[in-house]
There are 2 protein chains.
Amino acid sequence: MAALKYSRQRESIKTYLSSTKEHPTADMVYLHVKEEYPNISLGTVYRNLNLLSDIGEAIKINTPDGGCRFDGNVMPHNHFFCKQCGRMIDLKMDDIEHVNEIAAKNFDGIIESHSILFYGTCGDCITKN
Amino acid sequence: MAALKYSRQRESIKTYLSSTKEHPTADMVYLHVKEEYPNISLGTVYRNLNLLSDIGEAIKINTPDGGCRFDGNVMPHNHFFCKQCGRMIDLKMDDIEHVNEIAAKNFDGIIESHSILFYGTCGDCITKN
DNA sequence: TTAATTTTAGTAACTATTATTGTTATCAAT
DNA sequence: ATTGATAACAATAATAGTTACTAAAATTAA
């Protein structure tokens with residue numbers, strides 16, 4: 001297995017992901033890291049986001065519109081997607097890992113995990129209307 | 001609002017979706033309907049799949065790899081995605097709508113719904129290994 | 001049938017992502 | 001510190017999946 005060498009760019013991407021709760025797109029990460037490393041390329045950002053996701057140091061979440069968001073918080077948690085403003089928000093909610101057992105009951109394969117995304121309208125959008 | 005006119009192509013797409021449990025990709029639908037209507041274009045397939053999904057006569061499911069699958073079964077049900085063979089399988093499982101209330105407990109927005117996808121290894125892939 | 005409108009096929013364009021290429025940075029051993 | 005091997009880099013090209021455009025054909029209403 002290829003040893004992972006240090007790189008400032010990857011470090012910067014990680015730092016940014018850890019600092020924000022915005023669940024940025026790859027492009028948002030790119031624009032941000034660009035401020036520190038103006039020559040960084042979008043491809044590098046993609047490669048490192050996927051790498052971080054692969055080694056479990058970030059989470060990749062696909063949005064209903066086809067795009068992807070990234071999250072530096074790797075603690076298990078669930079997300080909410082606001083249909084109005086498109087924001088993705090962390091949910092502080094009780095564990096629902098038990099749904100895996102419910103799913104496994106009449107299934108002959110192995111359920112390892114699930115990913116769930118909640119939809120609706122966020123608090124901000126409710127007050128705005 | 002524009003009235004919806006009949007089209008053989010759309011009918012054929014609908015019929016195919018209703019007849020299969022394979023959760024086909026747009027391209028698989030295209031290849032299948034092409035047997036009946038050799039001149040159909042991929043754009044027509046996409047347009048109609050999205051249309052059917054919009055009017056609630058089909059379901060669009062994004063897979064973890066970025067692609068989309070379509071399902072003619074619009075009854076509420078959950079899906080399983082096999083990490084090995086990439087198949088998407090219907091789960092016959094108890095209702096888990098209660099997770100919406102769990103999510104809503106400490107949240108100031110409105111949780112309308114959720115979508116959940118289970119991951120793991122399907123029965124076929126287990127026996128093969 | 002005629003006229004109005006939708007749908008189609010074919011193609012082009014678009015977006016997000018991944019792969020490629022030539023160059024530079026990192027690191028361990030000298 | 002220098003070297004050599006390998007990884008990471010920027011830049012760009014390529015790809016995949018999807019959507020937009022347009023003229024011609026199909027559908028429906030009158």
Side-chain angles (χ1 to χ4, degrees), chain A residues 1-17 22-55 57-71 81 86 88 117, chain B residues 1-17 22-55 57-71 81 86 88 117:
Chain A
M1 39 196 80
L4 198 61
K5 290 198 177 169
Y6 173 85
S7 93
R8 301 148 188 274
Q9 290 85 346
R10 179 160 58 237
E11 197 59 34
S12 176
I13 290 169
K14 253 180 83 173
T15 303
Y16 173 53
L17 278 187
E22 293 298 312
H23 306 88
T25 61
D27 201 60
M28 284 161 72
V29 175
Y30 169 63
L31 291 174
H32 191 274
V33 177
K34 210 178 167 68
E35 290 173 16
E36 192 176 1
Y37 298 100
N39 293 329
I40 198 170
S41 82
L42 186 54
T44 298
V45 172
Y46 271 107
R47 184 163 21 77
N48 280 296
L49 285 172
N50 286 330
L51 177 59
L52 290 172
S53 161
D54 286 345
I55 64 178
E57 300 195 8
I59 294 172
K60 186 176 181 176
I61 315 149
N62 346 32
T63 55
D65 49 58
C68 272
R69 306 291 185 86
F70 295 89
D71 191 344
F81 185 78
M88 187 164 283
L117 187 57
Chain B
M1 33 199 85
L4 201 60
K5 288 192 180 174
Y6 173 87
S7 93
R8 302 150 186 273
Q9 291 87 341
R10 179 158 58 235
E11 197 60 34
S12 176
I13 290 170
K14 252 179 84 172
T15 303
Y16 173 54
L17 278 187
E22 294 298 312
H23 306 87
T25 61
D27 201 59
M28 285 161 71
V29 174
Y30 170 65
L31 291 174
H32 192 275
V33 177
K34 210 178 169 66
E35 291 173 14
E36 189 176 5
Y37 298 100
N39 293 329
I40 197 170
S41 81
L42 186 55
T44 298
V45 172
Y46 271 106
R47 185 162 20 77
N48 280 296
L49 285 173
N50 285 330
L51 178 59
L52 290 172
S53 162
D54 286 346
I55 64 178
E57 300 195 7
I59 293 172
K60 187 176 181 176
I61 315 148
N62 344 34
T63 56
D65 49 57
C68 272
R69 307 291 185 87
F70 294 89
D71 190 344
F81 185 79
M88 187 164 283
L117 187 57

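Worth knowing before you read on, the calculation uses all heavy atoms, side chains too, and leaves out hydrogens, waters and symmetry mates. Lettering follows sequence order; numbering is per chain, from 1.
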Distance, rounded to the nearest Å, where Glu11(A) contributes CD and dA7(D) contributes C1': 16 Å
For atom NZ of Lys34(B) and atom P of dT8(C), their distance in whole Å: 15 Å
Distance in angstrom units between Tyr30(B) OH and dA9(C) C1', rounded: 10 Å
4.5 Å side-chain heavy-atom contact, Val29(B) and Asn48(B): no
Distance below 4.0 Å between Gln9(A) side-chain N/O and dA10(D) OP1 or OP2: yes
Close side-chain approach of Thr63(A) and His23(A), heavy atoms under 4.5 Å: no
Side chain to side chain donor-acceptor pair (under 3.5 Å) against Ser7(B), all qualifying residues, sequence neighbours excluded: none
Letter per nucleotide, 5' to 3', of nucleotides 18-30 of chain D [B base touched, S only sugar-phosphate touched, - untouched; heavy atoms, 4.0 Å]: BB-------BS--
Distance in angstrom units between Glu36(A) CD and dA10(D) P, rounded: 12 Å
Value in whole Å for how far the P atom of dA11(D) lies from OH of Tyr37(A): 15 Å
Qualifying residues under side chain to side chain donor-acceptor pair (under 3.5 Å), relative to Arg47(A), sequence neighbours excluded: Thr44(A)
Name every donor-acceptor pair, under 3.5 Å, that has one atom in a side chain of residues 33-40 of chain A and the other anywhere in the protein, sequence neighbours excluded.
from	atom 1	to	atom 2	distance (Å)
Lys34(A)	NZ	Tyr30(A)	OH	2.9
Glu36(A)	OE1	Ser12(A)	OG	2.9

Residue met sooner reading DNA chain C from 5', once Pro38(B) and Arg10(B) are mapped to nucleotides: Arg10(B)
Each nucleotide N or O in nucleotides 28-30 of chain C that has a protein N or O under 3.5 Å away: list the pair and distance.
none

Interatomic distance, Met28(A) atom CE to Tyr16(A) atom OH [nearest 0.5 angstrom]: 5.0 Å
Residues in salt bridge (charged side-chain N to carboxylate O under 4.0 Å, His left out) contact with Lys14(B), at least two apart in sequence or another chain: Glu57(B)
Length of the line joining Ile55(B):CD1 and dT7(C):P, which is rounded to integer Å: 10 Å
Residue pair Leu49(B) / Leu17(B), side-chain heavy-atom distance below 4.5 Å: yes
Atom pair distance, as rounded to whole Å: CE in Met28(B) and P in dA16(D): 17 Å
Distance below 4.0 Å between Asn62(B) side-chain N/O and dG17(D) OP1 or OP2: no
Leu4(B) vs Arg10(B) side-chain heavy atoms within contact, under 4.5 Å: yes
For atom CD1 of Ile40(B) and atom C1' of dG10(C), their distance in whole Å: 13 Å
